[in-house]
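Reviewing the structure listed below.
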Amino acid sequence: MVCYNCGCALSEHDFCTNCGVDVSVYKKVLKLSNNFYNEGLEKAGVRDLSGAVQSLRQSLKFNKNNVEARNLLGLVYFEMGEVVAALSEWVISKNLRPKKNIADDYIDVVQSNPTRLDTINKTIKKYNQALLYCHQDSKDLAIIQLKKVLSLNPKYIRAHQLLALLYIDAEDWIRAERELLRCEQIDTGNTTTKRYLKEVALMLHPEEAQEERAPKKRRKQSSEEVFRYQSGNETIIQPLDIKEPKGVSFSAVLYLLIGLGIGVAMTVFLILPARIQAVRDSVSEQLKTVGEQLAAESATTNDLQQKLETLQRENNDLYTELENYVGTDGTIQTMDSMLVAVGGYLQNPDNVEETAAYLERISTEVNIEETSEAFQAIYNSLLAAVGPSVMKAYYDDGMAAYRQEVYGDAIRNLEKAYMYDSENVDVIYNLANAYYKNEDYEGAAVYYQLVMDKFPGTERANRSADYMEEIESMQ
C-alpha cells in the first residue's frame with residue numbers, strides 16, 4: 001500500500017511517514033475494496049456469477065485502480081458470455097498496469113484468434129437481430145436466431161433467458177425449463193433466472209406449489225400417508241400404509257389349482273376347436289382373394305398390352321405428322337413466329353406488348369436453349385429490346401395483385417417479369433414471397449435460394465436465409 005500523495009510505502013501509522021498526509025480514511029477505503037474483492041472471489045468460486053459481479057463492482061467503486069478486481073470481473077463477464085464487457089475491463093486494467101499484468105494474456109487469447117473474433121461479432125449481430133425480430137413480433141425467426149447464437153456461444157446467459165422467455169410466451173414450458181436450468185448451471189445466483197423458473201414451475205408442477213402454500217400440519221399428514229414421485233408429466237401417488245399378507249394358506253393354493261384345471265379344460269374343449277376352425281376359414285378366404293387378384297391382374301395386363309400397342313401406333317403417326325409439319329430441323333414454324341415478331345417490332349418499336357406476346361408464345365413452343373445459335377441471338381436481342389418496359393408492367397401488375405393478396409395472379413405476373421429480367425433482386429425476392437404466401441413452399445425455396453446465390457451478403461439474402469430455415473423446419 002502506497003501513499004496517494006507522494007507514492008511512498010505506508011506504515012502502520014495513520015499518516016504518511018514521508019509527506020505527513022492523513023491516510024486513515026484512505027486505508028479504510030482500500031480495505032473495503034479488498035473485502036469486496038475477496039467476497040466476489042468466493043462467489044465466483046461457487047458459480048454465483050451475478051453476485052460476484054455486484055461485489056466486484058462495489059470493489060471498483062471504492063478503488064477503481066484495483067487491477068485484480070478488474071481482471072476477475074472480466075473473467076466473470078467472459079464466463080457469462082459477455083465477451084465485449086470482459087474485453088473492456090481487461091483493456092482498462094492493462095492501461096492501469098501496462099507491465100506484469102495477466103490481462104495481457106486474456107486479451108491475447110481472444111484477439112489472437114481471428115476465428116474467435118468473427119464468432120463474437122456474429123454472436124452480437126445475431127442476438128441484436130433476434131431482439132429486432134421480437135420487437136417486430138416475428139417470434140419464430142427470433143427463436144431461430146437465438147439458437148444460432150447459443151450454438152456459437154453456449155454460455156451466453158442473456159440469450160438463454162430470452163429464448164426461455166419466448167418459450168414461456170408460446171407456453172412451451174418444458175423447453176423453457178430446460179433453457180433456464182442451463183442458465184442456472186452457468187450462474188447459480190441469477191435472480192432473473194430464478195424468477196422465470198418460479199413461473200415455469202407453477203405451470204409444470206401446480207400440485208407442488210399448492211402443497212407449499214398449505215399449512216405445515218396438513219403437509220406433514222399428507223407426506224406420512226402417501227409417497228409421490230414424478231413420471232414424465234404425471235405425478236404418481238402411492239399409499240404407504242398398505243400391509244402385504246405374511247403367508248399363503250393351503251386353501252388359496254387349492255383354489256388356484258382348481259381354477260388352473262378349469263381354464264385348461266375350457267381351452268381344450270371350447271376355445272381350441274373354434275380357433276382351429278377360424279384359422280381354416282381365414283386361410284380359405286385368403287386363397288380365394290389371391291385367386292381373384294391374380295385373375296384381375298391378368299386381365300389388366302392384357303388391357304395394358306393392347307393400350308401400349310395402340311399408343312405406339314399413334315405415336316408413330318404423330319411423329320410422322322410432326323416431321324411433315326415442322327421440317328427437318330424442327331424450327332420452321334417457330335422461325336415464322338420469330339420473323340413476325342421481328343417484323344412487328346421494326347414497323348412499330350413502341351408496340352412492345354405485341355412483340356412480347358410473340359416472344360412468350362415462342363418460349364412455350366420450343367426450348368430456346370435447343371435452337372440454333374443464330375435463332376438464340378435474335379431472340380435474346382429482341383428480348384433485351386422490349387424487356388425493360390414489359391418487365392416493369394408485369395412487375396407492377398404482380399405487386400398490385402400481391403398487395404390485394406391474390407397470390408396466384410401475383411405469381412404469374414412476377415414470373416413473366418423474371419423472364420424479362422432475371423437479375424432483378426426485387427423481382428426474385430417478391431416472387432419467392434408470393435409463393436410463400438400461397439403456401440407453395442417448394443417454389444418459394446427455389447427463388448429464396450436464387451436470392452442467396454446471386455446477391456450474397458445483402459439484407460434480402462439474409463431474410464431469404466431465415467425463411468429457408470423456417471421452411472426446412474416445417475418439412
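Source: prediction; values computed, not measured.
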*Separation of Leu32 CG from Phe62 CZ (nearest 0.5 Å)*: 5.0 Å
*Taking all heavy atoms of Ile471 and all of Ala444, pick out the closest pair and write down the distance.*
CD1-CB, 4.3 Å
*With sequence neighbours left out, write down each residue that passes salt bridge (charged side-chain N to carboxylate O under 4.0 Å, His left out) with Glu199, or none if nothing qualifies.*
none
*asked:* Taking the side chain as everything from C-beta on, heavy atoms only, tell me whether Arg460 gets closer than 4.5 Å to Met452.
replied: no
*Do any N or O atoms from the side chain of Ser473 and from the backbone of Glu470 form a donor-acceptor pair under 3.5 angstrom?*
yes
*Let me see the working for Met80 and Val53 under side-chain contact (heavy atoms from CB on, under 4.5 Å), right down to the final yes or no.*
CA-CA 10 Å; Met80 295 172 68; Val53 168; 4.0 Å; yes
*asked:* Tell me whether Ser138 contacts the main-chain N or O of Leu141 through its side chain, where contact means a donor paired with an acceptor under 3.5 Å.
replied: no
*Which heavy atom in Gln161 sits nearest to a heavy atom in Tyr196, and how many Å separate them?*
O-CE1, 4.0 Å
*Which residues share a side chain to side chain contact (heavy atoms under 4.5 Å, CB included) with Glu68, sequence neighbours left out*: Tyr37, Asn66, Arg97
*Do the two ring centres, one from Tyr418 and one from Tyr447, sit under 6.0 Å apart?*
yes
*From the options Tyr435, Tyr407, Tyr395, select the one residue that forms a ring pair (Phe, Tyr, Trp, His ring centres under 6.0 Å) with Tyr402.*
Tyr407
_Under the criterion side-chain contact (heavy atoms from CB on, under 4.5 Å), I'd like the reasoning laid out for Ile186 against His160: C-alpha separation, chi angles, the key distance, then a yes or no._
CA-CA 10 Å; Ile186 300 170; His160 281 293; 4.3 Å; yes
*Can you name the salt bridge (charged side-chain N to carboxylate O under 4.0 Å, His left out) partners of Glu423, sequence neighbours left out?*
Lys454
*Are the side chain of Ser112 and the backbone of Asp108 linked by a donor-acceptor contact shorter than 3.5 Å?*
yes
*Does anything in residues 92-143 pair up under ring pair (Phe, Tyr, Trp, His ring centres under 6.0 Å), and if so which pairs, sequence neighbours excluded?*
Trp90-Tyr106, Tyr127-Tyr156
*What is the distance from atom CG of Asp426 to atom CG of Asp421, rounded to the nearest 0.5 Å?*
10.0 Å
*Counting distance only, does the side-chain N/O of Asp187 pair as donor-acceptor with the main-chain N or O of Leu49 below 3.5 Å?*
yes
*Is the shortest heavy-atom distance from the side chain of Cys183 to the side chain of Asn190 under 4.5 Å?*
no
*Is there a donor-acceptor pair closer than 3.5 Å between any side-chain N or O of Asn128 and the backbone N or O of Ile124?*
yes
*Tell me, with the steps shown, if Glu42 and Asn38 meet side chain to side chain donor-acceptor pair (under 3.5 Å).*
CA-CA 6 Å; Glu42 291 177 358; Asn38 292 330; over 6 Å; no
_NZ on Lys155 to CG on Leu150, rounded to 0.5 Å_ = 13.5 Å
*Does Thr123 use its side chain to pair, donor to acceptor, with the backbone of Thr119 at less than 3.5 Å?*
yes
*Would you name the heavy atoms of Ser50 and Gly189 that are closest together and state the gap between them?*
CB-O, 3.9 Å
*Which distance, rounded to the nearest 0.5 Å, do you find between the CG of Asp397 and the NZ of Lys392?*
10.0 Å
*Begin from the C-alpha positions of Glu405 and Lys437 and carry the test side-chain contact (heavy atoms from CB on, under 4.5 Å) through to its verdict.*
CA-CA 8 Å; Glu405 299 183 359; Lys437 293 291 186 180; over 6 Å; no
*Got a second to check how far Lys147's NZ is from Glu469's CD, nearest 0.5 Å?*
10.5 Å
*What are the two closest non-hydrogen atoms of Ala52 and Gly40, and how far apart are they?*
CB-O, 3.5 Å
_Lys99/Asp104 salt bridge by N-O under 4.0 Å criterion_ = no
*Does the side chain of Asn34 reach to within under 4.5 Å of the side chain of Asn63, using non-hydrogen atoms?*
no
*Over all atoms of both residues, closest heavy-atom pair of Val149 and Ala159*: CG1-CB, 3.9 Å
*Compare every heavy atom of Asn71 with every heavy atom of Ala103, then report the nearest pair and how far apart it is.*
CB-OD1, 3.5 Å
_Student check: side-chain heavy atoms of Val67 and Arg70 closer than 4.5 Å_ = no
_Side chain proximity check, Phe36 to Arg57, heavy atoms < 4.5 angstrom_ = no
*Mind jotting down which residue pairs meet the salt bridge (Lys or Arg N to Asp or Glu O under 4.0 Å) criterion with at least one end in residues 160-174? Sequence neighbours excluded, please.*
Lys139-Asp169, Asp172-Arg175
*4.5 Å side-chain heavy-atom contact, Val200 and Tyr167*: no
*Report the distance from atom NZ of Lys94 to atom CG of Leu87, rounding to the nearest 0.5 Å.*
11.5 Å
*asked:* What I want to check is whether the side chains of Gln145 and Asp466 have a donor and an acceptor closer together than 3.5 Å.
replied: yes
*Between Ile144 and Lys148, is any pair of side-chain heavy atoms under 4.5 Å apart?*
yes
_Less than 4.5 Å apart, side chain to side chain, heavy atoms only: is that true for Leu431 and Ile411?_
yes
*Step by step, work out the side-chain contact (heavy atoms from CB on, under 4.5 Å) result for Glu184 and Lys194.*
CA-CA 8 Å; Glu184 201 170 41; Lys194 292 181 181 295; 3.9 Å; yes
*So which pairs with a foot in residues 453-473 pass ring pair (Phe, Tyr, Trp, His ring centres under 6.0 Å), sequence neighbours left out?*
Tyr436-Tyr467, Tyr448-Tyr467
